[in-house]
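Here is the naming used below: chain letters follow the sequence lines, and residue numbers restart at 1 for every chain. Everything quoted here is computed from the prediction, not taken from an experiment.
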Amino acid sequence: MCDPFCVKKGHFIMSEVRVRFAPSPTGFLHIGGVHTALFNWLFARRQKGVFILRIEDTDQSRSTDESIQAIIDGMKWVGLDWDEGPFRQTERMDLYRSHAMKLFETRHAYWCVCKAEELEARRKEAEAKGLSPRYDGRCRNLGIVDPPKDAALRFRAPQEGQTVIDDLIKGKVVFDNAVLDDVIILRSNGYPTYNFSVVVDDALMGITDVVRGDDHLTNTPRQIPIFAALGFPVPRFGHLPMILGADKTRLSKRHGATSIMAYKDMGYLPDAMVNYLVRLGWSHGDQELFTRQELIEKFSWDHVQKSAAIFNPDKLLWMNAEYIKTSPPGQVAQALVPLLEQAGLGKEVEAVSDEWLAQLVVLVKERAKTLVEMVEWVKPYFGQEAQFDMEAAKKFLTPTVAPLLHKLLARFEAFPSFSKQVWEESFKKLVEEEGVKMSALAQPVRVALTGRTASPGLFEVMEVLGRGRTLFRLRKGLERASTG
RNA sequence: GUCCCCAUCGUCUAGCCUGGCCUAGGACAUUGCCCUUUCAAGGCAGUAACACGGGUUCAAAUCCCGUUGGGGACACCA
């Protein structure tokens with residue numbers, strides 16, 4: 001085994017793939033973040049490499065511990081497990097400072113005494129004149145060696161030649177170095193800036209493939225010269241297409257929920273989220289549904305789209321419905337329990353078995369597109385009595401149907417135990433004998449059993465309810481019908 | 001303003017690299033029909049796209065150039 005960087009013919013032949021997801025903890029983990037994390041994770045798992053979680057919290061004013069927790073919770077929920085970390089950049093300050101000083105010593109960096117306000121004023125002025133809002137290089141050749149406390153350190157970017165990226169997704173991208181700015185690498189408060197801390201960390205953590213959002217593409221030519229100046233090998237880069245809202249602008253709150261945990265609360269299954277997100281920018285022929293294992297086996301950069309994708313909640317909803325229908329019922333039931341408790345059914349849930357809950361899921365899984373919808377579908381099956389929907393009862397539990405209902409009840413009561421087939425036959429026979437339409441009896445029974453006009457098949461409902469409760473509810477329904 | 005990226009149905013995409021098999025396939029959504037004890041689910045069918053203009057070629061969705069359109073970046077944010 002050689003170390004992470006084996007150099008061969010000037011290219012890096014990696015013994016092991018090492019990738020990272022490096023969010024900044026300034027809010028909730030959003031859909032876009034999960035998307036990038038997912039592609040990195042898939043690549044790592046496919047290559048049997050290492051997936052690292054790194055928290056980029058060098059912006060003290062915006063980073064919070066709650067956000068870090070939100071990132072961790074979100075990652076865990078979608079099942080993207082990391083092999084190293086979470087690392088926090090604020091715990092690695094010495095590393096950035098020492099490397100920054102190394103750049104200063106090698107004259108790759110210089111002190112800048114321009115004030116932030118001045119800089120902004122100059123930038124605005126340039127913009128007003130229609131010029132590029134770049135740093136004018138004022139301090140570049142001042143040769144400051146003994147800087148005031150509030151000086152910032154700038155990287156002396158190359159001004160000539162080109163920087164070429166052989167992007168994993170976009171292919172060859174060329175930048176003229178003339179457009180490069182001398183970026184600040186150490187702020188006047190001593191904290192490193194993003195473009196510097198990423199380079200130091202990506203190098204020190206042995207990241208072989210830097211895969212991030214499209215919006216970082218123009219950061220890459222800024223970072224490559226820093227790798228070089230520090231004497232580090234340059235990793236491969238890959239820039240993923242962005243996720244846009246329906247109006248083709250960057251996905252944001254305006255487009256609805258963007259926090260991954262909001263989808264958990266809305267009753268989405270993590271596997272459905274992952275499956276939907278992976279299809280945003282990646283494909284494998286015509287296949288839409290993938291198991292996690294299939295994803296790992298089939299993932300490659302070859303079929304990653306170059307263009308941005310629009311987030312389509314309709315398709316996500318469809319996919320969630322697919323997962324609800326096809327996931328193991330016990331697993332769905334487990335995910336449903338917290339939502340049932342939230343709906344105030346904690347006691348009822350406690351009173352039933354896991355098996356019965358799974359049976360309940362099977363009963364309603366075809367009609368619920370989310371777990372939240374499923375809670376509504378499942379409510380009528382808890383408790384002894386059915387909660388009548390007023391209008392439904394008024395319409396179907398009328399004195400007219402009472403005699404019919406009475407006859408049905410009598411027949412059912414005669415059976416010592418429940419049998420779907422036997423009870424259904426008996427039901428149909430009665431309908432035939434009475435010469436009424438199926439629905440004339442079915443709807444009143446449905447309302448009696450569930451309190452509502454829409455439900456799964458009558459006999460499946462009875463099966464879940466059991467003989468005792470079925471008879472009980474039928475009697476209650478008859479009572480209601482008789483009194484009007 | 002400068003630089004960079006992108007461009008197939010409304011949306012996600014297959015096909016593009018290695019031109020002909022494309023009268024452009026699948027999925028979501030949508031429309032109609034079927035199934036049906038309700039609501040779903042399911043089945044079948046339909047509407048719908050190669051941004052535009054030039055090349056190259058016997059042949060272009062596929063290769064080249066330009067235009068247009070969209071997106072991104074240009075902070076002591078990440």
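- When both pairing distances are held under 3.5 Å, B:U56 makes no Watson-Crick or G-U pair with any nucleotide shown.
- Atom CG of A:Asn275 is separated from atom P of B:C12 by 17 Å (rounded to the nearest Å).
- Within the structure, a side-chain polar atom (N or O) of A:Lys369 is placed less than 4.0 Å from OP1 or OP2 of B:A41.
- In this entry the distance linking NE2 of A:His35 with P of B:C12 reads 12 Å, nearest Å.
- Geometrically, A:Arg154 engages A:Tyr135 in a cation-pi contact defined by less than 6.0 Å to the ring centre and at most 45° from the axis.
- A:Tyr276 pairs with exactly one of A:Trp282, A:Phe311, A:Tyr263, A:Trp318 by the ring-ring contact (aromatic ring centres under 6.0 Å, His included) rule, that one being A:Phe311.
- Put simply, A:Gln89 has no side-chain N or O that comes within less than 4.0 Å of OP1 or OP2 on B:A78.
- In a base pair of the Watson-Crick type (N1 to N3 plus N6-O4 or O6-N4) or a G-U wobble (N1-O2 and O6-N3), with each distance short of 3.5 Å, B:U18 is matched with no nucleotide.
- Base engagement by A:Cys114 is indicated by at least one non-hydrogen atom pair under 4.0 Å involving a base atom.
- Distance from the side chain of A:Asp286 is smallest for B:A14 among the nucleotides B:U37, B:A14, B:C6.
- Within the 4.0 angstrom heavy-atom criterion, only backbone atoms of the sugar-phosphate kind lie near A:Thr58; the bases stay farther away.
- A 3.5 Å limit on both hydrogen-bonding distances identifies no Watson-Crick or G-U partner for B:U38.
- Here the side chains of A:Arg140 and A:Gln159 are in contact, with some heavy-atom distance below 4.5 Å.
- For A:Arg134 and B:C74, a side-chain-to-base donor-acceptor distance below 3.5 Å is absent, hydrogens and geometry of angles not being considered.
- Residue-to-nucleotide contacts include a donor-acceptor pair under 3.5 Å from the side chain of A:Ser188 to the base of B:C76.
- Proximity of A:Arg123 to the phosphate of B:C76: a side-chain N or O atom is located under 4.0 Å from OP1 or OP2.
- With hydrogens and angles ignored, a donor-acceptor pair under 3.5 angstrom links the side chain of A:Ser132 to the base of B:G1.
- If you check B:U62 for Watson-Crick or wobble pairing at under 3.5 angstrom, you find it has no partner at all.
- Among the nucleotides B:U37, B:A27, B:C74, the one closest to the side chain of A:Ala442 is B:U37.
- For the residue pair A:Lys379/A:Gln387, the side-chain donor-acceptor check at 3.5 Å is not satisfied.
- A donor and an acceptor atom sit less than 3.5 Å apart, one in the side chain of A:Glu288 and one in the base of B:G26.
- Between A:Thr193 and B:A75, a side-chain N or O to OP1/OP2 separation shorter than 4.0 Å is absent.
- Using bins of under 30°, 30° to 60° and over 60° for the plane-to-plane angle, the ring pair A:Phe299/A:Phe39 lands in the perpendicular bin.
- When both distances must be under 3.5 Å, the Watson-Crick or G-U wobble mate of B:A49 does not exist.
- With distances taken from any side-chain atom of A:Leu217 to the nucleotides B:A78, B:C4, B:U38, the minimum falls on B:C4.
- Distance A:Ile310 CD1 to B:G72 P: 12 Å, rounded to the nearest Å.
- Residue A:Lys325 has a polar side-chain atom (N or O) positioned under 4.0 Å from OP1 or OP2 of B:G42.
- Among the heavy atoms of the strands lying under 4.0 Å from A:Asn219 is at least one base atom, whether or not backbone atoms are also near.
- In terms of polar N and O atoms assigned as donor or acceptor, the side chain of A:Asp215 never comes within less than 3.5 Å of the base of B:A78 in a complementary pairing.
- Atom pair A:Lys129:NZ and B:G1:P shows a separation of 18 Å (rounding to whole Å applied).
- In terms of phosphate contacts, A:Arg250 brings a side-chain nitrogen or oxygen within less than 4.0 Å of OP1 or OP2 of B:A73.
- Base pairing of B:A24: no nucleotide in any strand meets the Watson-Crick or G-U wobble criterion (both distances under 3.5 Å).
- A close approach under 4.0 Å does occur between a side-chain nitrogen or oxygen of A:Ser283 and OP1 or OP2 of B:A14.
- Note on A:Lys306: every side-chain N or O is 4.0 Å or more away from OP1 and OP2 of B:C5.
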